[in-house]
Structures are given as C-alpha cells and as structure tokens.
Amino acid sequence: MGRPPSLWLWPWSSLSLRQTLFLGAGLGILLPALVLTYFQMANRFENEVNLRVRAPMLQYAEVLSRGVAVAIWNLDRGVATELVEAVMRNPDVVSVTVTDEYQEVFVRRQAPGVTEGDILREERDVSYNGVHVGRIAVEMSSARIQRELRSDWVKLAAALAAQVGVSFVFIWLLFDRRMVRPLRELQAGALRLARGELDQPLRWHRRDEIGSLAGGLDKMRLDLGALLADRDQKNADLQHELTERRRTEEALGFSQAKFAAIFNASPVAMTVSRMGEDFPLLDVNTAWCRLFAWERGVALGTSGENNGMWRSQADRSSVLGTLEQCGEIFLQPVWMQRGPQQAGFLCEISGKVITLGGESLLILAYVDITAKHQYEEDILALNTGLERRVGERTQELSDALERLTAAQSELVRAEKMSALGSLVAGIAHELNTPIGNSLTVASTLQDQSKAFASEMARGLTRSRLEEFVASTQEGAGILMRGLRHAADLVASFKQVAVDQTSVNRRRFNLREMVEEILLTLGPGIRKTTHTVECAIPEFISMDSYPGPLGQVLTNLINNALLHAFEGRQHGRVTISAVLQGPDQVFLAVQDDGLGIPEAHLNRVFDPFFTTKLGKGGSGLGLNIVYNLVQDALGGSIHVANTPGLGACFTLLLPMDAPVTDA
C-alpha cells in the first residue's frame with residue numbers, strides 16, 4: 001500500500017508557487033549539468049586511477065616479485081627492505097608486504113597517516129627458479145586523485161551557482177508579472193469559495209491558461225452548490241462503512257497474528273502442545289515438518305512419548321520436568337530423531353508455558369546444531385594439531401638459531417686467526433731481508449778469516465792486517481744493523497701478537513702502538529700501490545686494550561685497501577687522533593677513495609654484509625670492528641661519507657677503558 005499523498009508530498013506542498021517554479025528552473029539547469037559533469041569526472045577519475053595508481057601498482061608488484069625472490073631465498077631482509085623502501089617513495093603507495101612460503105611477514109612497510117581514499121591491492125606469487133618462495137602484496141591509495149577532483153568540483157559548483165543566480169533573476173521578473181499576481185487573485189477567489197461565499201462569480205478578461213482556470217473555478221462554484229445537499233447523507237453512509245471495515249480488519253488481524261506469525265512465518269521449528277499428562281501436539285509449523293520429516297496431519301494429536309521424535313525418554317522427562325517446575329527452558333541440547341528410521345540429530349530446545357484463552361499451552365522451538373557441534377569438535381582437533389605443529393616449528397627454529405650463532409662465532413674466530421696468519425706471514429717476509437743480509441755478511445767474514453789465517457802462516461804485512469781489521473769492522477757494523485732491525489721486528493711482532501691473541505689491559509703510547517701495527521702490515525701494504533700514513537701526536541697515552549684496538553685498526557685499513565681504491569692506482573689512508581676533552585680521544589681512519597654508496601651506508605656494520613663476496617670480503621670485518629669498539633673498548637664508532645671523495649671512520653674512545661670481561 002502506498003504512502004498517503006499528504007505524507008510523501010509534504011516537503012513540496014509547503015513551498016509557494018514562486019518557490020516551486022524557481023526550484024524547478026534551478027533543477028532544470030543544475031541536474032543536466034551535474035549529471036554530465038559527474039560522468040565526465042567519473043571517467044576522468046577512472047582514467048587517472050588506471051594511469052597513476054593501477055599501472056604503477058602492477059609494475060611495482062611485477063618488479064618486486066622478481067626482485068625479492070633472491071632476497072627471500074637467501075633470507076636477506078636488507079635487500080628486500082631496500083626494494084620495498086624504493087617503492088614506498090611513491091606517495092600513493094600505502095603499504096608493501098612481503099611474506100615467505102610459510103605466509104610469515106618477511107618485510108613490511110606502511111605509509112603513516114593514510115586515512116582516506118580507495119585502497120587498491122595487487123598480490124603476486126614470488127618464485128625462485130620455479131620454486132614458490134613467498135608472496136608480495138602492494139596497496140596504493142587514490143586519495144591524491146580524489147583531492148584534485150574535489151577541487152575541480154568546487155570550481156564547477158561556483159560556475160553553476162553563478163549561472164543559476166542569473167537565471168533566477170530573469171525568471172523572477174517573468175513569473176511575477178504573468179503568473180504570480182494573477183494566481184494571487186485566483187487564490188482570493190478560491191478562499192471565498194472555501195468560506196462558502198458562492199454568490200460572487202469569478203471573472204478573468206485574458207484568454208490564457210489562467211483565464212481557463214478562472215472559468216473552471218466559477219463552474220466549480222456552481223457545482224458545489226448542488227453537491228452540498230448530498231454531503232450529509234454521504235457522510236453518514238461513509239461512517240457506517242468505515243465502522244464495519246474496522247471490525248472485519250481487527251478479526252482478520254487477530255487470526256493472522258495467532259497462526260501465520262507464530263508458525264508459518266517463523267524459520268524456526270515450533271510446536272504447540274497442551275499441558276497435561278501426555279502433552280499432545282496441537283499444532284506444528286512448516287519448519288518443524290521439514291526438520292523432523294513428518295507430515296503435519298500425521299503429527300497433530302500425537303505425543304512425544306509414542307511418536308518416536310525423542311531418542312531418549314529420559315531426556316524428554318527432564319525437559320518437561322524443567323518446564324513444569326520453572327515454566328520455561330532455554331537452549332537445552334537434546335538428541336532427537338528425524339522421521340521413522342532416519343538418522344538422529346542434536347537439537348537445542350527452548351520453550352515457555354503460556355496461558356491463552358484460559359488454556360495452558362506449551363510452546364517449544366527446535367534448532368538443529370548437529371553441524372555446529374561437529375564443527376566445534378573439528379576445531380578442537382585442529383587446534384590441538386596446530387599447537388603440536390607450532391611447538392615442533394618453534395623447536396626447529398630454535399635449533400636453527402643455535403646453529404647460526406655457532407657458525408657466526410666460528411667465522412669470527414676464523415677471521416681473527418686469518419688476521420694473525422697474515423701478520424705472521426708479513427713478519428716472516430720482513431725478517432727475511434735483514435737476516436739474509438746478516439747471513440751474507442757473516443759468510444763473507446768467515447771467508448775473509450780463512451784467507452787471513454792462510455796469509456798469517458806465510459807472513460803478515462801491516463797493510464794486510466789493517467785491511468782485514470777495516471773489512472771486519474765494516475762487516476760487523478752491517479751485521480749488527482741487520483740483526484738489530486730483525487730484533488726490532490721480532491719485538492714488535494711479539495707485542496702485536498700478544499695483543500691480538502689476548503685482551504690484556506696495559507698502558508701504551510697510541511702512536512707507538514699504531515706504528516707497530518703498520519710495521520706488521522707493511523708487507524701487505526707494499527704489495528699495493530697505496531700508502532698508509534700515521535698522523536698521531538706522540539703525547540697521547542691510553543690505559544686500554546691494545547689487542548682489540550689493533551684488530552680494529554687492522555680491519556679498517558684492510559677494508560680501505562680492499563674497497564676504497566677500486567680502479568685507482570694511488571690511494572692514501574690517513575690515521576689521525578686528537579684529544580677530546582680530558583678523558584677521551586678522537587681517532588679517525590680517513591681514505592681518499594671512492595666513498596661508500598648511500599644505499600650501503602647504514603648497513604656497513606651489519607654481519608655478513610659485503611660487496612666483495614667471493615673476492616676477499618667475508619662481511620664480518622666491520623661487524624667485528626663495531627662489536628670490539630662498543631664492548632671491549634667502551635667507545636663508539638661512526639662512518640661519514642662523501643661519494644667520490646672518500647670515507648672516514650671515526651672512533652670516540654675513553655682514555656681509560658672500562659673494565660670488561662671481553
């Protein structure tokens with residue numbers, strides 16, 4: 001049944017004719033323009049989204065699915081993070097999520113503060129050599145495009161408002177003269193008709209639509225006079241008819257509320273029984289017939305005691321006893337029987353005892369929860385299995401972490417032993433020259449002594465004696481210089497070896513310690529075309545751990561020689577130090593090489609990060625440096641970089657190192 005005209009026309013009936021005409025004119029101008037503009041804007045929005053959001057999103061998903069495959073395979077979150085952060089530079093990107101084959105988050109980046117705009121999502125599988133290793137999801141927002149379109153909407157609205165305003169002025173003048181004023185005169189005549197003043201006729205001299213309306217009103221004035229006589233009789237007849245219809249509708253409503261609303265309109269299986277000894281069924285609804293697979297005519301008049309719908313009579317007695325005692329029951333689980341010789345099912349029964357027409361009735365509702373019960377049991381079994389699998393996976397991850405930690409410790413130890421081996425080889429090479437020279441001089445002196453002994457047997461001249469003494473003194477001097485140089489090398493090697501293989505604390509001169517390190521690294525440095533300079537004042541003295549500090553400097557120098565001067569013939573590494581207050585020293589290792597790429601600058605201290613994998617780089621050198629400076633020496637290390645002009649590692653160390661067990 002439709003709504004009465006007085007209700008659905010109420011917003012328009014409250015407007016005057018002038019307002020209605022103005023509103024119609026405005027809508028006639030605005031609606032076509034708005035509809036056309038809407039479709040244009042919608043088409044433009046769709047094109048902008050496809051061009052600026054969907055196409056880049058598909059491209060990012062494709063590039064990332066290829067780029068992160070190796071990173072996921074190698075468990076290199078750093079590379080994957082670089083790729084993801086490169087994509088996140090697009091302001092339309094909301095989030096990028098990379099998961100592994102176990103659907104665990106490998107890398108995730110999400111733009112902060114994204115609260116508006118439609119979110120578009122693209123997912124791709126990540127495969128490495130044909131093997132599924134993970135999945136990538138890229139989400140982008142159309143918020144910027146929507147903001148631009150809103151700005152265009154504002155400009156369009158201003159233009160339309162100006163157009164409507166000009167139109168309203170013109171329409172106002174036209175309608176006021178030709179329609180509003182004549183209609184007011186007709187309104188006054190209509191009011192006279194409403195007051196029953198039927199003796200004054202309505203006249204209009206113009207032959208237009210308003211003139212026709214005036215003629216119609218005058219004819220209506222004449223017809224009203226004839227109709228008024230029949231009004232009272234018709235009103236009496238209508239009142240009698242309305243009374244009879246109301247009585248009929250009330251009886252029909254009660255019948256529908258009793259039967260249709262309670263039973264047939266309910267999706268829940270329901271029964272009505274008479275309270276008594278056997279509780280016979282008085283009525284059942286269609287849902288109950290479907291649930292129990294019974295015909296309605298067969299079920300009526302039967303009792304649950306003998307119709308077989310209760311699997312256990314003990315359950316029936318319990319439910320009925322509760323109802324007789326409490327008057328209601330709520331969600332009682334009971335096993336029921338579906339039809340003769342059919343499977344049973346678990347049912348939740350709710351019911352209440354009511355009094356209707358002086359008769360006590362029992363209303364019961366039945367809900368089949370067999371599937372729900374089975375789902376709950378399956379979920380419990382699944383949870384048990386998941387807990388077991390999670391425990392097994394956790395144990396596997398713990399074992400893998402222990403193996404990884406042991407491998408890292410072994411690599412660090414091997415790195416230290418490799419550095420000591422290089423030190424031994426270098427010292428051996430350095431000792432070879434002075435010891436070889438000393439051996440040559442000693443053999444020469446031996447030959448000259450034998451010749452001098454032979455000449456003494458034949459007779460010795462003074463000039464020959466003087467010549468032998470001079471050559472012996474010269475040889476002894478050469479021999480002493482060579483042996484002294486060898487002794488200095490051995491002493492330096494001994495001190496450096498003791499420092500690098502132990503963490504003994506002692507007071508030392510910083511310049512002398514650095515020169516000893518450079519002396520031991522001399523053979524390796526001379527194999528290159530680069531130089532290492534020491535620019536440390538002689539007065540700086542430290543009470544610290546020379547072994548860890550020496551290993552730090554060795555690793556920094558070797559790192560510079562390996563990475564800084566690629567493609568260059570001559571490079572320089574400078575080691576400098578200045579006092580920083582009364583109790584700290586600022587130590588810098590500066591090279592004039594190629595510098596460190598910005599993308600690598602924040603990862604140089606990460607373990608196993610190297611750009612020379614398989615070419616002499618292990619990825620542990622700077623990580624060992626970072627750990628020794630932070631833990632053993634109690635200081636801090638930073639790296640500064642100017643691409644093309646070199647890198648500088650700066651260490652801020654205490655003059656008196658903290659006590660440590662490292």
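Starting from 1, each residue takes its place in the sequence as its number.
Using a 4.5 Å heavy-atom threshold, the side chains of V49 and L120 count as touching. Side-chain contact check for V585 versus M655: some heavy-atom pair is nearer than 4.5 Å. A 4.5 Å side-chain heavy-atom check between Y60 and M140 finds at least one atom pair inside the cut-off. The shortest side-chain heavy-atom distance between D656 and Q584 does not fall under the 4.5 Å cut-off. A heavy-atom distance below 4.5 Å is found between the side chains of T650 and F586. Considering only heavy atoms from C-beta on, L519 stays 4.5 Å or farther from E515 through its side chain. Within the 4.5 Å cutoff, no side-chain heavy atoms of V126 are placed close to those of H132. Between V532 and I575, some side-chain heavy-atom pair lies under the 4.5 Å cut-off.
Checked for salt-bridge contact, R568 and D591 miss the test: no charged N lies under 4.0 Å from a carboxylate O. The pair E85-R89 fails the salt-bridge criterion, with no side-chain N (NZ, NE, NH1 or NH2) lying under 4.0 Å from an Asp/Glu carboxylate O.
Taking CD1 of I637 as the reference point, atom CG of L651 lies at 4.5 Å (rounded to 0.5 Å). Distance CD1/I596 to CZ/R603: 13.0 Å, rounded to 0.5 Å. Put simply, CG on L628 and CG on L553 are 11.0 Å apart, with the number rounded to the nearest 0.5 Å. Taken to the nearest 0.5 Å, the CG atom of N47 stands 10.5 Å off from the CZ atom of R54. Interatomic distance, Q332 CD to S350 OG, rounded to the nearest 0.5 Å: 9.0 Å. To the nearest 0.5 angstrom, R389 atom CZ is 8.5 Å from L382 atom CG.
For the pair D592 (side chain) and R572 (backbone), a donor-acceptor distance under 3.5 Å is present. In this structure, N43 contributes its side chain and F39 its backbone to no donor-acceptor pair below 3.5 Å. Between the side chain of S151 and the main chain of R147, no donor-acceptor pair closer than 3.5 Å is present. Panel note: side chain R511, backbone I536; a donor-acceptor pair is recorded below 3.5 Å.
Within the structure, every pair that satisfies the side chain to side chain donor-acceptor pair (under 3.5 Å) test and touches residues 65-74, not counting sequence neighbours, is listed here: E62-R66.
Figure legend: cation-pi geometry between R393 and Y102, with NZ or CZ positioned under 6.0 Å from the six-membered ring centre and within 45° of its axis.
For the side chain to side chain contact (heavy atoms under 4.5 Å, CB included) criterion with E139, the lone passing option out of R121, Q110, E122 is R121.
The shortest heavy-atom contact between N50 and P56 is O-CD, 4.5 Å. Scanning both residues, F106 and D100, for their nearest heavy atoms gives CB-N, 4.3 Å. The minimum heavy-atom distance linking G550 with I517 is given by the pair CA-CD1, 3.9 Å. Minimum heavy-atom separation, R77 to V105: NH1-O, 3.8 Å. The two residues C347 and Y366 have their closest heavy-atom pair at SG-CB, 3.4 Å. Closest approach of R506 to P546, counting heavy atoms only: NE-CG, 3.5 Å.
In this structure, F605 places its CZ atom where more than 12 heavy-atom neighbours from other residues, nucleotides or ligands lie under 6.0 Å away.
Residues satisfying the side-chain hydrogen bond (donor to acceptor under 3.5 Å, both in side chains) criterion with E387, sequence neighbours excluded, are absent altogether. Taking the side-chain contact (heavy atoms from CB on, under 4.5 Å) definition, one finds that Q590 meets it with C648, sequence neighbours left out.
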Check: Going through the checks in order, is the side chain to side chain contact (heavy atoms under 4.5 Å, CB included) test met by D92 and R144?
Finding: CA-CA 7 Å; D92 293 330; R144 286 201 306 157; 2.8 Å; yes
